[in-house]
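For reference, the structure I am asking about is given below.
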There are 2 protein chains.
Amino acid sequence: MKDGPDIARIASLIGDPARANMLTALMAGRALTATELAHEAGVTAQTASSHLARLVAGGLVQDRRQGRHKYVTLASDEVARVLESLMGLAAGAGHLRTRTGPRNAALRKARVCYNHLAGEMGTVLYDRMHAVGALATLGDALDLTESGHAWLGRFDLDAAAFARGRAPLCRACLDWSERRSHLGGRLGRAVLARIESLGWAQREGQSRVIRFTPDGERRFRRLLVD
Amino acid sequence: MKDGPDIARIASLIGDPARANMLTALMAGRALTATELAHEAGVTAQTASSHLARLVAGGLVQDRRQGRHKYVTLASDEVARVLESLMGLAAGAGHLRTRTGPRNAALRKARVCYNHLAGEMGTVLYDRMHAVGALATLGDALDLTESGHAWLGRFDLDAAAFARGRAPLCRACLDWSERRSHLGGRLGRAVLARIESLGWAQREGQSRVIRFTPDGERRFRRLLVD
DNA sequence: GCGATGCTTCGGTTATGATCGAAGCATGAA
DNA sequence: TTCATGCTTCGATCATAACCGAAGCATCGC
C-alpha cells in the first residue's frame, strides 16, 4: 500500500493537458522560452508560469535564465524516455490525438526524440549497428565496441573525441511508433548532428519531424549496408 | 502542439493517488479483487469501483468476473514497464514515500516486477546471462541464443517447451532501484516460478518483496557462476 | 426461501487546481 | 530617463472529479 516511490506525484504532473503539451513540445530537444511554451500549451503566460514552476519543482524540466528570457529544457534523457514510453501506451490504447495523415506518416518515418534520431530511420540505424557488432549490450549498459569505433569513421565521427561526461555514451531508447529501440545518448545526439550538418536531413519548422532529402536518405542507407 | 499520442490521458489516470496505489499493488503480479484494491488504496468500495472502471476504460488494467468477485490485473507487461520507469523517475527525484528501512532494503534486494524477478537478484541474473552469451539483443528484440537454451538446463527449464505466444519470450525491463535491466517476458516469469517451486525463495505476504532463503540464494548464485 | 457478501449506481458535498485579469518587477532598447 | 517586452505574483472564478452514504442488484451459502 505504501512501498516504492511516489508515482502519482509525477504522473499527475504529466497528466495535465497543458503540461503534457509543453513536455511533448520539449521532446523536440530545443530549449523553448516560457512564452513559446505557453503558446504550445494554448494557455496564457500567467498560467504557463505556474505550470513551469511545478514542472521544475517536480524535476521534469530545467530552466535557465538568460536576460529577460527563461529557457526551458527537459531535465534528463530519462524524462524523455518515460515520455516516449507513455506515448507508446497511449498509441497502443488507440487514442491518438490526431487522425493519421501525411504529417503523422512523416513523424513515424523520422523525428527527433529529445536530441537524437527516432522513427523508422532511427531503428534502422540501431539495428544495423547491432548486426555488425558496433554496439554491444552488457547488462543495461549499451556500449560501443572496438569495431564500433572504426565503424563510426563512415560518418566521419570519432567517438574518442567525445568528452567523457556523466551521461552515457550510448543509450537504447524505446520508440513509440516502431515499438523497438533506437540509438540515444551522446552518440545518438552526435549522429543526428552529423546528418544535419551533412545536409542529408533537416528539422521541419518547430515540429519533431525530420525531413530527409531523397539524396540524403539514399546516402544514409548506403552507408549502413556497405 | 498536437502531434503524437495523447499522453495526458493515461498520465492523469496514473496521477491520482488512489489509482496509483492500486496499480502499485498490482505490480505484485497477483490478481486482486475490487475490495482488496479498495483497501490498498485506502478508499471505500464505491470510489474504488469508479476508479477501476476508469482504469479499465483507459486500458491499463483488465478485469475478469468470477462469481461475485471481480479480479483485476495489469493489462500488459508494457503497462508494468511504464510504471516501473515512472518509479525510477520518482525515486531519482528523491521523493520516496517511505523512509528507507529494512522493508525497503528487502525491496531493493529482490522483488517481483509484475511477474518476474526484479531488484539486485534480478539484475545479477540478467547480467550473467548476457555475459555468458545466453542472451543476445538484436534491435529491441532480446533473444535467447542457442547456447542460452542449453544454459537454461541448469534451472531444469526447457525454453522449447514454452508455447509460442504473442508476448515476447525475453524482455529487458528497467529496474527502478538498480537503474539497470532485468529479465522480463515469459522467460522471466518461468525463471521466477522455478525459483519458487524449488523453494529457494517465496513472496512475502501481499507485498512485492521476494524473500530468498540463505540456502536458496547460495544455490542461485552458484548456478550462475558455474 | 433467507441472509450475507461483493460490487455498482445515484445524489450531493467538498476540495483541488486550472484558468485568466490586473498589477508588479525585472531586463533591454531608445 | 522612458517605453516595451518577458515573466511573475495576487486575487477571484469556475469546473472537474474525488469522495462517501444510501440504496440497488446480483451471487453464494444455508
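Just so it is clear, the structure is predicted and the values come from calculations on it, not from any experiment. Here is the naming used below: chain letters follow the sequence lines, and residue numbers restart at 1 for every chain.
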For the helix from dG1(C)-dC30(D) to dA30(C)-dT1(D), how many degrees between its two end axes (five pairs per end), to the nearest 10°? 20°
Atom CZ of Arg54(A) to atom P of dT16(C): distance rounded to whole Å? 12 Å
To the nearest Å, how far apart are Leu13(A) CG and dT16(C) P? 17 Å
side-chain hydrogen bond (donor to acceptor under 3.5 Å, both in side chains) partners of Arg189(B), counting only residues at least two apart: none
Rounded to whole Å, how long is the line connecting atom CG of Asp16(A) with atom P of dT16(C)? 17 Å
Taking side-chain hydrogen bond (donor to acceptor under 3.5 Å, both in side chains) as the definition, give me every residue that meets it alongside Thr44(A), ordered by chain and number, with sequence neighbours left out. Gln46(A), Thr47(A)
Using a 6.0 Å cut-off, check whether atom CZ of Arg211(A) has over 12 heavy atoms from anything other than its own residue. no
Can you tell me the distance, in whole Å, between the NE2 atom of His51(A) and the C1' atom of dT16(C)? 14 Å
Between Lys109(B) and Glu217(B), is there a side-chain N and carboxylate O pair less than 4.0 Å apart? yes
Do any side-chain nitrogens or oxygens of Thr44(B) fall under 4.0 Å of OP1 or OP2 in dC20(D)? yes
Ile210(B) side chain near Leu192(B) side chain, heavy-atom distance below 4.5 Å: yes
Applying side-chain hydrogen bond (donor to acceptor under 3.5 Å, both in side chains), which residue pairs with at least one partner in residues 48-62 of chain A are found, sequence neighbours left out? Arg19(A)-His51(A)
If you define the side chain from C-beta out and look only at heavy atoms, does anything of Leu23(A) sit under 4.5 Å from Ile7(B)? no
Treating primed atoms plus P, OP1 and OP2 as sugar-phosphate and everything else as base, which nucleotides of nucleotides 1-12 of chain C get B, S or - for protein heavy atoms under 4.0 Å? ---BBSSBB---
Rounded off to whole Å, could you give me the NE2-to-P distance for the His39(A) and dC20(C) pair? 13 Å
Apply side-chain hydrogen bond (donor to acceptor under 3.5 Å, both in side chains) to Gln202(A) and list each qualifying residue two or more places apart in sequence or on a separate chain. none
